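Down below is the structure, laid out as structure tokens.
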Amino acid sequence: MILVNDQWLSRGEAKVDIEDRGYQFGDGVYEVIRVYNGKLFALDEHLQRLKRSLVAIRIKPPYPMEVLEKNLYQLVEHDQLTDGIVYLQVTRGQAPRGHGFPKAAQSVLTAYTKSIDRPLKEMTSGISAHLTADIRWLRCDIKSLNLLGNVLAKQEALEKGCQETIFHRDGMVTEGGSSNVFIVQNQQLVTHPSSHLILNGITRQQIIKLATVLGIPVVERAFSIDDLFAAEEVFVSSTVQEVSPVVTVDKVVIASGKPGPLTQQLQKQFETLINK
Ligand code: PLP
């Protein structure tokens, strides 16, 4: 089923207007929420971030978050989704084309489920990443529908035979193409601070909490490309990629070239969390 505002439609019935502002301007925000064993994972955190993104671009959702929460549970139940994701977006709605906010437009919320597997192979073997200049805008903290910078960077990585992009601004690592980046340096976990330059990933937030429980020191500070290449361990985190070790960056082998011990500890702890 596809949820469009408060309507339940089939895939064929759900249509996008040619003047929907999400379609024409990327004028909207989104979330990707994991479903493990039929349960929505970290739903409160995702809804909080959605609210924050909506406030940042001044879109009023079609109904309160409590109603959305109920609808999402219903969606997962209806689709009998065991393991996968819910994709959810809210656009500023439909109006005759013009850059300024339309007075009359009503926001449009769309949500649907997709069955996907956990990235078990990536988690055990590790992935390769490609470093690229972060040419995106300066509000990466908003989970905006405008993903062209990420799309182009990811495609560049794929064409180089890599699975993920690692962005840097003037030599300082920001985040991944669709993930956050962590390194282990002097047995401490280092990751870019939550700022306008990165999306504060829900998985990132979970990992910081898990590391604290495990007694692994966490430092939220920007680190350089040199730090990345010299790291004891590197991994990326996201709703879809979970905790995926990065074993090469632009064909340069990171440390032993295998998932590192702290990364594995965090993977194990993350596994416990999702099975709760
Ligand atoms: N950074 C970017 C640019 C992303 O697109 C994503 C996820 O899609 C993340 C970070 C990780 O966020 P989360 O852990 O909430 O999935």
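If you're wondering where the values come from, they're calculated on a predicted model, not measured in any experiment. Each ligand, and each atom within it, is numbered from 1 in the order the structure gives.
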Check: [X] N/O within less than 3.5 Å of ligand 1 N/O:
X      : result
Arg204 : no
Gly201 : no
Lys143 : yes

When you measure from the side chain of [X] to the backbone N and O of [Y], does any donor-acceptor pair fall under 3.5 Å?
X      : Y      : result
Glu13  : Ser10  : yes
Asp141 : Ser195 : no
Asn180 : Leu199 : yes

Review point. Where does Cys140 meet ligand 1, judged by heavy-atom distances below 4.0 Å: at the side chain, the backbone, both, or neither?
Key: neither
Point to revise | Region of Asn150 engaging ligand 1 - heavy atom pairs below 4.0 Å | key: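 Looking at Asn150 and ligand 1, just side chain atoms fall under 4.0 Å.
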What protein heavy atom lies closest to [atom]? Include the residue and the distance to one decimal.
atom                    : value
atom 14 (O) of ligand 1 : Thr203 OG1, 2.6 Å
atom 1 (N) of ligand 1  : Glu175 OE1, 2.7 Å
atom 5 (O) of ligand 1  : Ser178 CA, 3.4 Å

Study note, to complete from the structure: side-chain contact (heavy atoms from CB on, under 4.5 Å) with Lys143: of Gln89, Glu31, Arg52, His46, only one passes, and it is Glu31
Practice item. Check each of Ile207, Ile254, Val181, Leu262 against Phe235 using the side-chain contact (heavy atoms from CB on, under 4.5 Å) test, and report the only one that passes. Key: Ile207
Practice item. Decide yes or no on side-chain contact (heavy atoms from CB on, under 4.5 Å) for Arg204 and Ser179, but give the supporting numbers first. Key: CA-CA 9 Å; Arg204 174 189 181 277; Ser179 59; over 6 Å; no
Review point. Measuring from the heavy atoms of Asn180, does anything fall under 4.0 Å of ligand 1?
Key: yes
Distance filter under 4.0 Å to [X] heavy atoms, resulting ligand 1 atoms:
X      : result
Thr239 : 13 (P), 14 (O), 15 (O), 16 (O)
Arg49  : 12 (O), 15 (O)
Gly177 : 3 (C)

Exercise for review: Check Glu233, Lys258, Glu232, Lys268 against Thr263 for a side-chain hydrogen bond (donor to acceptor under 3.5 Å, both in side chains) and give me the one that passes.
Suggested key: Glu233
**Study point:** Sub-4.5 Å side-chain heavy-atom contact between Leu68 and Tyr63
**Key:**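 Answer yes - side chains close enough.
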